[in-house]
There are 2 protein chains.
Amino acid sequence: MPKEIISNDQIKAARYAKAMGHPIRMYVLELLSRQSCCYSGDLSEVLPIVKSTLSQHLKELKDAGLIQGEIEAPRIKYCLNKENWKEAQELFNRFLNNPVKIVDCQIDK
Amino acid sequence: MPKEIISNDQIKAARYAKAMGHPIRMYVLELLSRQSCCYSGDLSEVLPIVKSTLSQHLKELKDAGLIQGEIEAPRIKYCLNKENWKEAQELFNRFLNNPVKIVDCQIDK
DNA sequence: TACTTTGTTCGTAATTTCACGAACCACGAA
DNA sequence: TTCGTGGTTCGTGAAATTACGAACAAAGTA
């Protein structure tokens with residue numbers, strides 16, 4: 001949709017950011033970045049939303065490529081998608097840790 | 001809205017992430033992180049959207065606290081909101097650079 | 001086979017987002 | 001005062017998001 005002025009990295013970073021743009025999804029991601037995996041039922045017990053809504057949030061994280069589910073008996077085990085998580089880390093690290101210049105605008109007129 | 005299970009930091013990070021969740025806004029933020037400031041008109045010339053839409057995106061970034069505008073003659077100069085930008089950096093750095101554990105779930109049953 | 005557990009999908013409703021054009025406002029210049 | 005210039009706000013649609021409950025599906029257990 002946007003022209004070539006917008007880089008692929010910016011589009012990718014925006015997609016990851018959008019997936020992170022909800023407290024519930026942030027919670028899940030942070031949990032998975034510390035705990036390696038979890039089950040939807042465990043989340044459902046703790047979070048203030050019904051399971052169908054949680055399922056939707058998990059689907060969004062999955063569609064964005066940030067997590068992945070693995071069938072395990074009656075349950076489904078969720079973990080980070082390591083590959084894409086790494087990509088997101090790199091994109092955001094590069095983006096955020098750009099040293100902010102103090103020089104004023106080029107266009108000074 | 002969410003219970004106490006979700007931390008304030010997660011809510012804040014989600015708010016920043018949401019603001020970053022569009023390629024246009026990503027573009028603006030990345031520009032400002034390299035260039036210290038810019039004018040809406042310059043962006044409008046380059047980006048494939050009309051100026052009213054751009055204005056909306058800039059407002060979202062402003063509302064999220066990531067940028068600020070300063071009136072300057074006929075134009076408005078936009079820069080990063082240094083304070084909040086720093087906060088976002090810290091939140092995301094902490095969040096993203098959590099070393100991913102390889103140990104399996106606690107709940108192994 | 002019937003029951004239970006675990007999650008997804010469906011249908012619905014309220015809200016928000018995204019994009020556009022038209023109208024408007026502030027302010028310096030003629 | 002009138003005219004540009006530069007942006008914002010308003011009004012409007014189309015589409016996406018968020019949330020819920022009900023219904024459904026898969027797979028192990030009685």
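Within every chain, numbering begins at 1; the chains are lettered A, B, ... in the order of the sequence lines, protein sequences first and strands thereafter.
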A:His57 NE2 to D:dA16 C1', in whole Å, measures 14 Å
Nearest-angstrom distance from the residue atom CD of A:Glu60 to C1' of D:dT18:
9 Å
Should A:His22 be listed as having a side-chain N or O under 4.0 Å from OP1 or OP2 of D:dA16?
no
Please enumerate all residues that pass side chain to side chain contact (heavy atoms under 4.5 Å, CB included) together with A:Lys12, with sequence neighbours excluded.
A:Asp9, A:Arg15, A:Glu87, A:Leu91
A:Lys77 NZ to C:dT5 C1', in whole Å, measures 19 Å
Grab the CE-P distance between B:Met26 and C:dT17 for me, whole Å please.
18 Å
Note: for A:Arg25 and A:Ile71 on DNA chain D, the residue whose nearest nucleotide lies more 5' is A:Arg25
Taken in chain and number order and not counting sequence neighbours, the residues that satisfy ring-ring contact (aromatic ring centres under 6.0 Å, His included) with A:Tyr27 are none
Rounded to whole Å, the CD-P distance (A:Glu70 to C:dG7) equals 14 Å
Protein within reach of the bases, or only the backbone? For nucleotides 6-15 of chain D, mark each nucleotide 5' to 3' as B, S or -, using heavy atoms under 4.0 Å.
SBBB------
What is the ring orientation for B:His22 with B:His57, classed by angle as parallel under 30°, tilted 30 to 60°, or perpendicular over 60°?
tilted
Just list the side-chain donor-acceptor pairs under 3.5 Å for residues 62-70 of chain B, sequence neighbours left out, or say none.
unit_1, atom_1, unit_2, atom_2, d
B:Asp63, OD2, B:Lys59, NZ, 3.2

Listed partners of B:Ser55 passing side chain to side chain contact (heavy atoms under 4.5 Å, CB included), at least two apart
none
d(CD1, A:Ile49; P, C:dG7) in whole Å:
13 Å
B:Leu47 CG to C:dC18 C1': how many Å, rounded?
15 Å
Distance, rounded to the nearest Å, where A:Glu72 contributes CD and D:dA26 contributes C1':
15 Å
Sequence neighbours excluded, which residues qualify as side chain to side chain contact (heavy atoms under 4.5 Å, CB included) partners of A:Ser52?
A:Val50
